[in-house]
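One structure below.
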Amino acid sequence: MDYMGCEMIALHNALHFIHCPRPLGSIIETFERRRWLMLGGHWGADPYAIGRYLQQEGIPFSEFSGKKQ
């Protein structure tokens, strides 16, 4: 997870916080299978993949695109 896990760990923690936990291994496997790792994980994961994951799992969420939001 070194240098490539902050998005997946953030997602894992958020899911735990909203009482919708998923095993970290399952989240990692999903990111790998859906090719959401950038440059094979050397550049981390696509931060927008968090929203796609939540959407595909049917978990409601909100997006913020700027400081004023």
Side-chain angles (χ1 to χ4, degrees):
M1 298 294 300
D2 195 21
Y3 294 107
M4 63 176 269
C6 66
E7 294 86 1
M8 293 173 275
I9 292 169
L11 177 59
H12 177 264
N13 289 340
L15 291 171
H16 178 77
F17 180 75
I18 64 169
H19 305 288
C20 190
R22 302 286 195 282
L24 181 57
S26 172
I27 293 170
I28 294 167
E29 191 271 331
T30 299
F31 270 65
E32 289 175 343
R33 187 179 69 247
R34 295 183 181 162
R35 300 181 184 262
W36 291 341
L37 300 177
M38 297 171 19
L39 195 62
H42 294 289
W43 286 358
D46 178 358
Y48 296 101
I50 294 172
R52 288 194 293 271
Y53 180 94
L54 294 172
Q55 184 178 37
Q56 291 175 6
E57 293 292 316
I59 300 169
F61 67 99
S62 297
E63 292 185 57
F64 300 93
S65 61
K67 293 178 185 179
K68 293 182 181 181
Q69 292 180 326

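Quick caveat, the model's predicted, so the values are computed rather than measured.
- Annotation: side chain of Asp46 is not in contact with side chain of Phe31 (no heavy-atom distance under 4.5 Å).
- When the side chains of ILVMFWY residues are joined at heavy-atom separations under 4.5 Å, either directly or via intervening members, Ile28 and Tyr48 end up in two distinct hydrophobic clusters.
- To the nearest 0.5 Å, the span separating CZ on Phe61 from CD1 on Ile18 amounts to 11.0 Å.
- By the neighbour-count criterion of 12 heavy atoms within 6.0 Å, atom CZ of Arg33 is densely surrounded, having more than that number from other residues, nucleotides or ligands.
- For the pair Arg52 and Arg34, the minimum side-chain heavy-atom distance is 4.5 Å or more.
- Residues Tyr53 and Glu7 fail the side-chain proximity criterion, which asks for heavy atoms closer than 4.5 Å.
- When all heavy atoms are compared, the tightest approach of Arg22 to His12 is O-CD2, 3.1 Å.
- Going from atom CG of Leu54 over to atom CG of Leu11 covers 5.5 Å, rounded to the nearest 0.5 Å.
- Across Met8 and Leu24, no two heavy atoms sit closer than the pair O-CD1, 4.0 Å.
- The CD1 atom of Ile59 lies 5.0 Å from the CG atom of Leu15; values are rounded to the nearest 0.5 Å.
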